[in-house]
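Below is one structure, written out as structure tokens, with a few remarks after it.
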Amino acid sequence: MTFVLFFLLAAAVIGGVMWFNWRQQKKREAALQAKAMELGLSFSPAKDYDLAGQLHFLERLQKGSNRYASCVFQGLYEGLNVMVFDYHYQVTTRTSKGSSTRHYYFNITLLTLPAYFPELTISPENFFDKIAGSLGFGDINFESAEFSRQFKVTSKDKKFAYDFCNAQMIDYLLAHPDQVLEVEGNTLAEIRQGQLKAEDVVYDLEHLLRIRSLMPNYLFSQ
């Protein structure tokens, strides 16, 4: 009898937690939907496995399994094609004692550039993991000792890395060190830990537009 009562209580607690999480997710999706309408962007809360596949060229989106985007904003913002979305992947570790799965959640903001560029990744030291190691080439150092100490910059094209990380860009990134930036082809992406919050969408878009504005004009005319 005691076991049955314990089982029923445990089931009730688990059910209550699941219901609460479901309610919180629905509230978040409703807030994101309202923000998308305010910005004139399309919005879909559904899991999108195709989008995750289309963006596989971004380093961070190549990891793990069960990769999908969700809560996807898309459209024109300040005249530029932009996309904002949640991203998930998971990593399963197997040992002699069994297996365990860890889930990773990020939010990603990206915009389309009017030219194509080599791959470039800028990440705070110890942010997520050692991205340079997975890319297979080393960290690029800069004249700013503080910038080189706080950020890991990797690219096969050092000239582009130096052009991108000009003095103004370095000052701006030092003041905003909480995300990974990646350039690949005609995509500029910002990657942050955690799921999207409606109140952060505009900030992230404006932040990425500011980074775009700090790219020298001559890069787009070469």
Side-chain angles (χ1 to χ4, degrees), residues 14-91 101-113 121-124 127-129 131 172-173 175-213:
I14 293 172
V17 170
M18 292 177 64
W19 180 84
F20 176 79
N21 289 340
W22 178 83
R23 285 277 297 172
Q24 292 300 106
Q25 177 65 12
K26 290 302 178 183
K27 287 181 179 179
R28 188 175 75 95
E29 288 177 3
L32 292 171
Q33 174 77 69
K35 180 59 66 175
M37 292 180 64
E38 176 187 326
L39 298 175
L41 300 173
S42 66
F43 177 76
S44 173
K47 292 180 181 179
D48 190 331
Y49 294 89
D50 290 338
L51 178 58
Q54 292 166 16
L55 298 173
H56 72 278
F57 56 85
L58 293 173
E59 158 65 16
R60 194 65 202 177
L61 275 59
Q62 297 176 17
K63 299 179 180 296
S65 61
N66 192 24
R67 308 169 190 165
Y68 61 81
S70 61
C71 295
V72 181
F73 292 70
Q74 194 166 6
L76 289 176
Y77 182 80
E78 300 294 332
L80 295 173
N81 284 307
V82 300
M83 194 179 298
V84 184
F85 55 92
D86 283 333
Y87 186 76
H88 163 275
Y89 74 85
Q90 65 192 49
V91 175
T101 299
R102 184 172 181 180
H103 297 265
Y104 296 84
Y105 296 92
F106 306 95
N107 62 89
I108 298 174
T109 306
L110 60 84
L111 60 82
T112 302
L113 299 169
T121 300
I122 303 173
S123 60
F127 193 87
F128 297 137
D129 57 11
I131 289 181
Y172 184 77
L173 293 179
H176 302 82
D178 58 345
Q179 78 287 305
V180 165
L181 289 176
E182 186 168 350
V183 179
E184 174 75 11
N186 67 339
T187 299
L188 171 62
E190 163 196 296
I191 305 170
R192 297 182 187 274
Q193 289 179 312
Q195 294 180 307
L196 279 172
K197 296 179 181 178
E199 60 268 27
D200 293 336
V201 172
V202 172
Y203 172 84
D204 288 341
L205 285 168
E206 292 293 335
H207 174 65
L208 201 60
L209 262 62
R210 177 58 177 158
I211 290 172
R212 159 67 180 85
S213 74

So [Y] and [X], do their side chains get closer than 4.5 Å, heavy atoms only?
| X | Y | value |
| --- | --- | --- |
| Leu208 | Val82 | no |
| Asn107 | Asp204 | yes |
| Thr187 | Leu113 | no |

Sequence neighbours excluded, every pair satisfying salt bridge (Lys or Arg N to Asp or Glu O under 4.0 Å) that has a member inside residues 30-48
Lys35-Glu38
Under the ring pair (Phe, Tyr, Trp, His ring centres under 6.0 Å) test, which residues partner Phe43, sequence neighbours left out?
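By the ring pair (Phe, Tyr, Trp, His ring centres under 6.0 Å) rule, Phe43 matches Phe73.
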Flag, side chain of [X] to backbone of [Y], donor-acceptor distance under 3.5 Å:
| X | Y | result |
| --- | --- | --- |
| Ser42 | Gln74 | yes |
| Asp86 | Leu196 | yes |
| His88 | Asn66 | yes |
| Arg192 | Thr109 | no |

Would you give the length of the straight line joining atom [atom1] of [X] to atom [atom2] of [Y], rounded to the nearest 0.5 angstrom?
| X | Y | atom1 | atom2 | result |
| --- | --- | --- | --- | --- |
| Leu188 | Leu110 | CG | CG | 8.5 Å |
| Leu205 | Met83 | CG | CE | 12.0 Å |
| Gln193 | Gln179 | CD | CD | 11.5 Å |
| Gln33 | Leu41 | CD | CG | 11.0 Å |
| Ile191 | Glu182 | CD1 | CD | 5.5 Å |
| Leu181 | Thr121 | CG | OG1 | 9.0 Å |

Under 30°, 30 to 60°, or over 60°: which ring-plane class applies to Phe106 and Tyr89, parallel, tilted or perpendicular?
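Phe106 vs Tyr89 ring planes: parallel.
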Where is the tightest heavy-atom contact between [X] and [Y], given as atom of each residue plus distance?
| X | Y | value |
| --- | --- | --- |
| Pro177 | Pro124 | O-CG, 2.8 Å |
| Ser70 | Pro45 | CB-O, 3.7 Å |
| Ser123 | Val180 | CB-CG2, 3.5 Å |
| Arg67 | Tyr87 | CB-OH, 3.1 Å |

Given Arg28 and Cys71, is the side chain to side chain contact (heavy atoms under 4.5 Å, CB included) satisfied, shown in steps?
CA-CA 10 Å; Arg28 188 175 75 95; Cys71 295; 3.9 Å; yes
Assess the residue pair Leu32 and Phe85 against the criterion (side chain to side chain contact (heavy atoms under 4.5 Å, CB included)); give the C-alpha distance rounded to whole Å, side-chain angles, the decisive distance to 0.1 Å, and a yes or no.
CA-CA 10 Å; Leu32 292 171; Phe85 55 92; over 6 Å; no
